[in-house]
Amino acid sequence: MKAAGSGYDDPSADVLADAAAAFGLLASPARLHIVWALAQGESDVTGLADRVGGALPAVSQHLTKLKLAGLVRSRREGRRQVYFVDDPDVVDVVRLAVTRIGDRADRADRTELPAPRLRGL
């Protein structure tokens, strides 16, 4: 079905549900931080826990959820499990969202106006 005046077809209900599920997983600050860190380069769970400031079991559980959703992959290197984001689109979306919101916060700090909040939409 074409969206009025856009020239684009609306995505199917399945595609929208999958996208909403992916965004839902990224709605957790901890998981978003993990994906952000992995977008910068691969890491094992210990390195991620140190970087994001989370407990090792919690980071491991977040990685399991991200992996089951197909947002993160892993490979074995000897005894270590190394995690990475193998989808450039996921990397682009995370980088864009975090960078834009960070830029807004920086501008608000310079002008001493409160940064706009996205809560309650």
Side-chain angles (χ1 to χ4, degrees):
M1 169 184 234
K2 292 245 188 231
S6 74
Y8 293 103
D9 288 336
D10 284 341
S12 70
D14 288 342
V15 168
L16 290 171
D18 288 347
F23 280 116
L25 280 168
L26 294 174
S28 158
R31 285 192 290 272
L32 184 59
H33 196 175
I34 289 167
V35 174
W36 172 264
L38 292 175
Q40 313 310 311
E42 56 190 36
S43 179
D44 64 7
V45 68
T46 304
L48 283 169
D50 289 343
R51 181 162 178 182
V52 304
L56 200 63
V59 171
S60 183
Q61 287 179 353
H62 287 306
L63 284 166
T64 298
K65 289 179 182 179
L66 292 166
K67 200 172 167 185
L68 286 171
L71 298 177
V72 166
R73 291 184 43 200
S74 67
R75 72 171 184 284
R76 181 137 321 264
E77 277 188 4
R79 299 169 118 191
R80 294 181 337 137
Q81 194 78 6
V82 177
Y83 295 88
F84 57 97
V85 180
D86 193 34
D87 186 338
D89 294 331
V90 170
V91 171
D92 289 346
V93 167
V94 168
R95 284 184 177 159
L96 179 66
V98 172
T99 302
R100 292 280 172 98
I101 291 168
D103 290 347
R104 275 191 217 146
D106 290 345
R107 283 194 306 273
D109 287 345
R110 286 193 302 271
T111 60
E112 297 185 19
L113 295 174
R117 297 288 178 197
L118 300 177
R119 293 185 184 144
L121 293 179

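Only a predicted model underlies this, so the values are computations on that prediction, with no experimental measurement involved. For the single chain, residues carry numbers from 1 onward in sequence order.
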Q) Does the pair Val93 and Asp89 meet the rule for a side chain to side chain contact (heavy atoms under 4.5 Å, CB included), with working shown? A) CA-CA 6 Å; Val93 167; Asp89 294 331; 5.5 Å; no
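From Leu25, atom CG reaches atom CD1 of Ile34 across 11.0 Å, with rounding to the nearest 0.5 Å. In this structure, the separation between CG on Asp106 and CD1 on Ile101 is 12.0 Å, given to the nearest 0.5 Å. Summarising the geometry, atom CG belonging to Leu56 is positioned 10.5 Å from atom CD belonging to Gln61; distances are rounded to the nearest 0.5 Å. Rounding to the nearest 0.5 Å gives a distance of 9.5 Å between CD of Gln81 and CG of Leu63.
The cluster map of Ile, Leu, Val, Met, Phe, Trp and Tyr, joined by side-chain heavy atoms under 4.5 Å apart, puts Leu48 and Val91 in the same cluster. Cluster annotation: Val82 and Val45 are assigned to distinct hydrophobic clusters (Ile/Leu/Val/Met/Phe/Trp/Tyr, side-chain heavy-atom contacts under 4.5 Å, transitive). With hydrophobic clusters built from ILVMFWY side chains whose heavy atoms lie under 4.5 angstrom apart, Leu66 does not share a cluster with Phe84.
What you find for Val85 and Ala39 is that their closest heavy atoms are CG2-N, 4.3 Å. The nearest pair of heavy atoms linking Ala30 to His62 is CB-NE2, 3.6 Å. Of all heavy-atom pairs spanning Ala49 and Val59, the tightest one is CA-CG2, 3.8 Å. Summarising the geometry of Ser74 relative to Lys67, their closest heavy-atom pair is OG-NZ, 2.6 Å, with the distance given to 0.1 Å.
Under the rule for a salt bridge (Lys or Arg N to Asp or Glu O under 4.0 Å), the partners of Asp86 that lie at least two apart in sequence or sit in another chain are Arg73.
Legend: side-chain hydrogen bond (donor to acceptor under 3.5 Å, both in side chains) pairs involving residues 34-45, not counting sequence neighbours, sorted by first then second residue: Glu42-Arg75, Asp44-Arg80.
At least one donor-acceptor pair closer than 3.5 Å links the side chain of Arg76 to the backbone N or O of Arg79.
Counting heavy atoms from C-beta on, the side chains of Asp87 and Leu71 never come closer than 4.5 Å.
Summarising the local packing, NZ of Lys65 is surrounded by 12 or fewer heavy atoms from other residues, nucleotides or ligands at distances under 6.0 Å.
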